[in-house]
Amino acid sequence: MWKKTKVTEYTADGQMIIRKRSKVPGVMITQYVEELPEGKSTPDFIRKPIALTIQEGKFAFFKAIVTGDPTPTVTWARNNGEVTDPEKYQCTYDPVSGEHMLQMPNVSTDHADTYKCYATNEFGKAVVTTTLNVIEVGFKKSKALQESRTAPRENATQFKKMLKPRAEREKPEKKEGELDEKFWELLLSADKKDYERICAEYGVTDFRWMLKKLNEIKKEREEQQALYIERLSNLKHIEVKGIGMAQFEFDMELKDPNSKIYLYKDGVMVPFDDEVDVKHNLRQIGKKFVFTVKDLLPEDAGLYQVDVEGVNVFSTDFKIPTVDFLVKIQEVKAMEREDAVFECVLSHPLPNITWMGKNAPLEQGEKYDIIVSEDKLIHRLVVKDCMQVDKGIYVAVAGIKSCSAWLVVEADNDPSMHGKKKARKTTQAGGSGVDLQKIAQEQQAILQKEKEERMEAIQKAKEEKEAAEKVAVDTGSGCVGKEKKNDSTKALSGLDKGSGQDSSGRNVPVEDVPAQDSPVKDGLDEDVSAGDGTESQTKKRIRTGPLVPDTIIDPGVHFTSGLEDIKAILGNSAEMVCKLSSENCDGIWYKDGKKLSSTDELVISKDGAYHKLKIHKCQEEDAGKYRFEADGRKTEAMLVVEDPPRFDPEALGEFSKPVIVKAGEKATFKMPFVGRDPMKVQWYKEGEELLDDTNVKLEITPNHSRLLLSKCQRRDTGEIKIKIKNEFGTIEAFSQLIVLDKPTPPQGPVDVIESSAHCIDFKWRPPKDSGGSPVINYNLERQQVGRNTWKKIGDIPGDPPGYKDTDVDHGRKYCYRIKAITAEGVSEVMETDDIQAGTKAYPGPPAAPKVVSAFKDCINLAWAAPANTGGTNIVGYNLEKRKNGSNLWSQVNPVDEPIKEKKYAVKDIVEGLEYEFRVAAINFSGAGEPSAPSDFVFARDPKKPPGKVIDLKVTDSTYTTLSLAWTKPKEEEGVQDEAKGYFVEIRPAENPEWHRCSTNAIIMTSYTIKGLKSMAMYWVRVIATNEGGEGEPQDLDNYIIAMPPPVRPRFTDAKMKSFMVVRAGNSARVNINFEASPMPDITWLKDGMPVSKRVTISNAEGGSQLLIPSSERSDTGVYTIIVKNLVGQETFSIEIRVTDDPKPPGPVELQENVPGTVTVSWTPSPDEKRDDRLHYMVSKRDSIKRTWVTVADHLFNNNFTAVNIMPGREYRFRVYSKNDMGLSEPSESPTWGITRKKDKYTVNMPTSKGCSFETPPSFTVPLKTHTSPESYECYMSCAVRGDPAPHVTWYRNNISLNTNSNYYISNTCGVCSMLILRVGPKDTGEYKVIAENRLGRAECSTNLTVRGTSLTCEAPDSSEESAAAV
């Protein structure tokens, strides 16, 4: 509790002012009168406003609750400015909660300030101060953007026009001949391998000049970045990641973690957030920054740049191809170990697309094959060796377009492969089901037609341009016209020279292609050789105009289809093809710069516009770079000659044949191969790799490999695979090993088809393993149960496995032995269970008889036939009766006259007696078991139905149950008889049908209906019944709602905390228990506003929980729960303060203002501004006492004056920061001391004599006599002293106990103790403690008596000691 302090002052006019501190920290109260009238009080704050840090643009508010009599008036103010603007500030008061609130609907940086809240009445004034900190949002860096956000606008188009691209970084006006700034931004963030591509796009050919200029810009940029960034690395450019999402990332270590980060797209600032569901998202993981663009659209393409405090750190260009799926991938159903194929066709060529499976990108490898057609329109994904784990959704992503389909893997239920690993299948499942090649050719023709139409438009525009120039020359002046014509011709010539294609034959704009004089080759060389071997001087080209020229010209002869890199297998043929736009143009082929001509192995041909180079039987020396030049244009491609492992087709066919051996023999597999070394050869059996072992031998040579399996067993049967791998690929071959052996025994149990007096017909299952050979015969033997001999039946055919034995005796049991016979031998014996030849089958019991009617001289019964007739027809029934209380059953019908029908009238009865009946069915085997007895019935005339129940009412109800009670109806002779039971019926309000709650009648006059639907309406009634029938129903007066009795919400916890302190980073959990009916609506608020998404709310019946998984300081606030239902509502508030260990204060300084005192002052802790409960504690230590003593606590200022400072002593002070979490590390002051002048004096010290402190042992506290109940603990202790420390020994009846593990003995600082955990009769006796050192010996003894035992206890050593104990 805070101490109140009072300071009395007087104003100029003599009025008294008393200043005092409130119980609430930070509240200062000013009292205007010396003594308050009775019952009156000065204003004070029950709840003060809490300091707030909030993001710009959010809703902010301060809350305060005041007290005082008379009721104070509350006003608000701020240090810098007014709070009178109604658009920015709104002051409200809630009379229910008593909260005064200052609201700021749209917070901006102008709101950041220190605010004060005043509470005033006629007796005084209370004031409290709080602060508002506003976090400036990254994408609102520009003041112009802030104004545009708050300015009125009609629609989003106007808002977009109001945005100013790069408001704080105006781009300099581009001069004629200068490159686009985007070119340098891309180079600064690109890898060196991408320089050539970027230069080609922007028409830059002077690479030395570019590198020099780039280094200058990079050096300048690094100097700017060094102001804010420690390190920048791992730059990953933007690319599509998954469906409709693109990402780029980099690692960046900031000098100031609070530095502002901005995102631009094409120079326009883009808003972003850390929420995952926004369009532009920034996620920081340690030092890694990941930017994500979701829900991709074509307009999302552009240059993305990231700035830190206005300095660019990363630029990346996002290009979205204009492509769509002509044929989408379709669902594939594949069997296990079969390959699955997904296929799609694109509208435009793409070298590769992204394949995804189970939300993870897929790559080329052993599991997946990604195949692209030559025209780059058809893309395939092959999922090899499908297993159950591979099933799921697979997605193809091309640019921002995607399509998906399921892969369904069906299990192979072949019973012969049960328990074995299935062999891999060579078939493929899936495919689109349409002719993809035809669709791709049609699309290729459409693209080619569009390209030709564009060329015709270019040619037509060129002709129109030339005609216009000719007219201009004819009509213009001679000299001027000639000059213009020359300029136009030069420009046209330059454009002709600049237009062309890149190395892949792709048409590019004029300004994007390097000059013919200086093609880009081998990195960034400045001078290169032309195709004819002549040297050409490099011409510096700088793009001076727009990307698309104003004049459209004919590009001349160009490549419509360039060369493509190909791979050929050693010894096979390879062909390179390119196509020119004109058929009347020849060209020259080069390999690695050398001109080629046709030979026997190399054929150069021309087919119209197609130019081909074909190499027969490729060798390793044929690999290299091939170039074709025609009319100043060229295209290049690489030929890679590979030598992967290969099998000879004949050897492969021979290897694929199964190898069949008998058990115990050896099996050999040999496979020749060719390929470039080194090659890795592996053998597998059923998918498991084989290594050299006792029975496994591997032989590997450069041209073949052999596998030898010795002592083969039947379990070795399976798939054999050889796998050969080198740097160019992998090849596999499969074979089968079949090991023949004798079969396993036939499988039981046998299935008996017929068991009669004349035959036994049964069958069995074939052996689980036939040993590799079919079953030819089965050998049978038979034994009659009770005899020791087996009779041989002989061999029977193997298919089907069954036998019919007609040589049987009725009622006898037989057992059979069965053996399977194959070409490889005879199996072990399978012995059947005993089978009986024919049995007597009696019928089963019928259902219990039902009483149809009862009279005083006749009872009518009926029953149902038994379900089990015993295999023959039912010929009749026997009916029996028994009186209530008797054990004897008597047959009703004559013994030799069974009842033919399933009903009977019993007349042999006595009026007034109670009977029960049972019935037994009879077939040709005899009478079966009797049925269960019927209900008891009286032999008397029928009764009258009862009347209505009385006083039907509801006694209790819940959401699922309803309890009823009623009174038994009255009995009136001749009108209504006594009720014997009741039926409760219920009907939902929307259903017209009544339903009975129980099948049997209820005996009690109360009942609970269960299983109701919460808050549903029901009609309820009760019907009384007896032997005479059912009476009239009694309904409730009104419908019933399934709910408990209405209860106003009430909190059930007696002690509920209203304040909680949580360490930052820990979880905060608030559990509130309540009772309410009906189920209330529960609302949680934080400072009067809905809680954020970070907060988890869990509601249950009778309770609610608020959970903050990882709390932050921004979670500090007052959380209010509102529990409301139809009856009323209840609220409860708890203040959660999230804080952390305080940081220590700054340096401590000492100053003496008054003699005998020291003023301690220190720099405030960094946490003081954001923790209003932080205070300080001061400790002192002097050179005499040498202990730290707390001299001040709960200090809210930054200085303290210590008194009683004595000269001649040295003092040191420590200052601690304190908050709700605890103490900080101390900040220590320098040593303080004032020298005291002393007179000199001389002290004559007497000569000291030596003193010895050694003493013999002695007991300061002796042992006490103990009496303990049996099986209880007993604790003995005494105290002994001596120097040197004596050795202590415990004895019982003169027997040492120090080594006895049943006693716990300890000696701590002279206190000797012994503990007996469970006292027994054997523990009775004398206990002695002996302490010894070299100066003497001391002893102490006592007796232990155990209650519940005799006083006589025999000692283990002598009878004398036993007598002494007695």
Side-chain angles (χ1 to χ4, degrees), residues 166 168-238 248-255 259 261-264 266-267 287 289 291 302-319 498 502-503 508 511-515 517-528 536-545 547:
R166 297 223 178 211
E168 295 198 358
R169 282 197 304 134
E170 295 291 343
K171 292 193 292 187
E173 184 179 354
K174 181 180 171 184
K175 298 180 180 179
E176 185 70 23
E178 287 187 357
L179 283 170
D180 193 347
E181 183 186 0
K182 180 178 177 181
F183 170 73
W184 299 110
E185 295 291 349
L186 290 176
L187 285 178
L188 287 171
S189 301
D191 294 333
K192 291 183 178 180
K193 62 183 178 64
D194 296 327
Y195 284 179
E196 182 177 351
R197 175 182 58 80
I198 298 174
C199 290
E201 290 181 3
Y202 286 85
V204 176
T205 58
D206 192 342
F207 298 108
R208 290 191 177 180
W209 167 82
M210 181 273 295
L211 289 175
K212 181 179 179 182
K213 181 72 173 177
L214 179 62
N215 289 333
E216 294 175 358
I217 299 175
K218 187 177 292 186
K219 183 177 180 181
E220 180 183 353
R221 182 65 56 82
E222 288 175 352
E223 291 176 355
Q224 296 174 354
Q225 293 176 353
L227 299 175
Y228 307 102
I229 300 174
E230 289 284 354
R231 187 173 62 87
L232 183 66
S233 61
N234 296 333
L235 307 178
K236 295 183 180 180
H237 289 268
I238 191 167
F248 64 91
E249 60 185 57
F250 52 86
D251 292 351
M252 180 171 62
E253 185 176 350
L254 297 172
K255 290 187 175 180
S259 297
I261 301 176
Y262 305 93
L263 177 66
Y264 295 90
D266 294 333
K287 298 178 182 178
F289 291 80
F291 283 85
L303 178 67
Y304 286 84
Q305 295 176 272
V306 179
D307 287 13
V308 176
E309 295 292 351
V311 176
N312 179 257
V313 297
F314 182 61
S315 300
T316 180
D317 195 13
F318 185 33
K319 296 181 179 179
D502 60 7
S503 60
V508 296
E511 298 296 340
D512 288 2
V513 180
D517 310 9
S518 56
V520 179
K521 182 178 179 182
D522 297 334
L524 301 176
D525 294 342
E526 183 179 16
D527 297 327
V528 296
S536 60
Q537 186 176 357
T538 301
K539 181 180 178 182
K540 182 176 179 181
R541 289 172 53 92
I542 300 177
R543 188 163 64 109
T544 59
L547 221 75

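Atom-to-atom distance recorded for Asp307:CG and Tyr264:OH is 5.0 Å, nearest 0.5 angstrom. For the atom pair CG (Leu227) and OG (Ser259), the distance works out to 10.5 Å, reported to the nearest 0.5 Å. If you take CH2 on Trp209 and CG on Leu214, they are separated by 10.0 Å, rounding to the nearest 0.5 Å. Note that CD1 of Ile217 is 13.0 Å distant from NZ of Lys212, once rounded to the nearest 0.5 Å. In this structure, CD in Glu223 is found 12.0 Å from CZ in Arg221, a value given to the nearest 0.5 Å.
Lys319 meets the side chain to side chain donor-acceptor pair (under 3.5 Å) test with Glu201; sequence neighbours excluded. Judged as a side chain to side chain donor-acceptor pair (under 3.5 Å), and not counting sequence neighbours, Glu230 has no contacts. Residues that satisfy the side chain to side chain donor-acceptor pair (under 3.5 Å) test with Lys255, not counting sequence neighbours, are absent from this structure. Every residue two or more places apart in sequence or in another chain that forms a side chain to side chain donor-acceptor pair (under 3.5 Å) with Asn234 is listed here: Asp251. With sequence neighbours left out, Phe250 forms a side chain to side chain contact (heavy atoms under 4.5 Å, CB included) with Leu232, Leu235, Phe248, Met252, Phe289, Phe291, Val306, Phe314. Among residues two or more places apart in sequence or in another chain, the salt bridge (Lys or Arg N to Asp or Glu O under 4.0 Å) test is passed with Lys213 by none.
Asp266 places no side-chain N or O within donor-acceptor distance of the main-chain N or O of Gly302, the cut-off being under 3.5 Å. Distance alone, capped at 3.5 Å, places no donor-acceptor pair between the Thr316 side chain and the Tyr304 backbone. Between the side chain of Glu309 and the backbone N or O of Ile261 there is no donor-acceptor pair closer than 3.5 Å.
Summarising the geometry of Val313 relative to Gln225, their closest heavy-atom pair is CA-NE2, 3.4 Å, with the distance given to 0.1 Å. The shortest non-hydrogen separation linking Cys199 to Met210 is SG-CE, 3.6 Å.
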